[in-house]
Amino acid sequence: MIRDARVLQPQFIPDEVEHRNPEVNRLSDTLQPIMDGRPGETSLLLGPSGAGKTCIAKYTLERLRENVLDINTQYVNCWQDYTRFQVLYRLLDAVDRTVDVHRRSTPKDELLDRLREYDGPQFVVILDEVDQLEDKSVLYDLYRMPSITTVLIANREQELFSQLDDRLTSRLQTCVRISFDKYPLDELVSILGARARWGLAEDAIDEQELALVADAAAGDARVAISILRNAARRADQDGRDRITTDVVRAAVPEGRDEVRQKTVEQLTPHQRALYDILQEAGELSPGDLYDRYAERVDDPKTRRTVRNYLSKMDHYRLVVAEGKNRARTYRPR
DNA sequence: CATCCACGGGAATCAGCGGTAG
DNA sequence: CTACCGCTGATTCCCGTGGATG
């Protein structure tokens, strides 16, 4: 049933992209100067999740690498690396300048200084999910680096700009914007069809079932592919040679929840207890939440530590923190 | 206005790990 | 082999800030 699992993985970047030529061309144009060893303009890719922003950014960079001998690139997902330190560290990592950098002993802007010393070939940086970055000042720092070109990716322009100070707003006001819309049903179907051809056995899935997957994904290619992957896995485990309508229906919920499920599994027992309590209770004040937590586990952590856990879980979008100070409540997402 | 409660930054402390000198 | 050292990530302690609340 499954011939090549890689093409169903979320991080897979196809050799050819479908239905996104205008966007690819816009981005290629902004990166054009790099062909001549000059920096490109900053670009900002906007649109809902699963609309192909990350895929197109990576794809375009790959094509660029094929045409330029001397170039450095790095992809950073700010959802995972959300501190200033982590982002700078990842960038230095890409240009091999991390030697003897230690988390503790490194003076405040040692990392930035190192990056400033960088005098290699043009360096193109993709910052995905920039709105998750807690200290946006890195953007300003990067903006001023002569040989660094940044490609920013975010969901909504409004949300991003509301988190920036005036200095950054005016800088980014002029950058190249490329907007992505949700994929219409027929485009999703053809994307899924291509993945099925590459990754699955012949005739493993029909047009009709593909349409069902696409419909359940509501324009989100990532969800669509996740559903297809789960359907293929199920069919495989059941020893079938085709993905039937029933299999697709069964795969829809787990396809949708997969990302969250993976994150939940990474939680420590203490964090998991907090998450479970919120799942059961719905919405709680910090005080009540802590009391229940302290009752449930042996050897509870301190309130301060629990606050760290909760803010991390907020980052990972497992819980929602609403209100400030005394009005604060937590609820599961 | 005093008090309460929660947030979150920063320093101090702890515990585990790997390397190494004796 | 063992004791010790240096490093790191996790946790805790301490505390300033700020919006309710009475």
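So that the names make sense, note that chain A is the first sequence line, chain B the second, and so on, each numbered from 1.
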Among residues 285-303 of chain A, which contact DNA chain B at a heavy-atom distance under 4.0 Å? A:Pro286, A:Gly287
What is the distance, rounded to the nearest whole Å, between atom NE2 of A:His270 and atom P of C:dT12? 9 Å
Could you give the NZ-to-C1' distance, from A:Lys324 to B:dA6, as a whole number of Å? 11 Å
Measuring from atom CD1 of A:Ile243 to atom CG of A:Asp238, what distance do you get when rounded to the nearest 0.5 angstrom? 11.0 Å
Can you tell me how far CG of A:Leu92 sits from CD of A:Gln74, rounded to the nearest 0.5 angstrom? 10.0 Å
Determine whether a donor-acceptor pair (N or O, by modelled atom type, separation under 3.5 Å) exists between the side chain of A:Arg272 and the backbone of A:Leu267. no
Quick one: A:Arg304 CZ to B:dT13 C1', roughly how many Å, whole number? 15 Å
Rounded to the nearest 0.5 Å, how far does CZ of A:Arg242 lie from CZ of A:Arg240? 10.0 Å
Can you tell me how far P of B:dC5 sits from OH of A:Tyr330, to the nearest Å? 16 Å
Just checking A:Tyr140 against A:Tyr143, ring centres under 6.0 Å apart? no
Can you tell me whether the side chain of A:Arg328 and the base of B:dC5 have a donor-acceptor pair closer than 3.5 Å? no
Could you state the atom-to-atom distance from CZ of A:Arg326 to P of B:dC5 in whole Å? 6 Å
So does A:Arg331 get a backbone contact from the side chain of A:Glu283, meaning a donor-acceptor N/O pair under 3.5 Å? no
To the nearest Å, how far apart are A:Lys312 NZ and B:dG9 C1'? 18 Å
Below 4.0 angstrom from OP1 or OP2 of C:dA10, is there any side-chain N or O of A:Tyr309? no
Taking CD from A:Glu322 and C1' from C:dA20, how many angstroms apart are they, rounded to a whole number? 18 Å
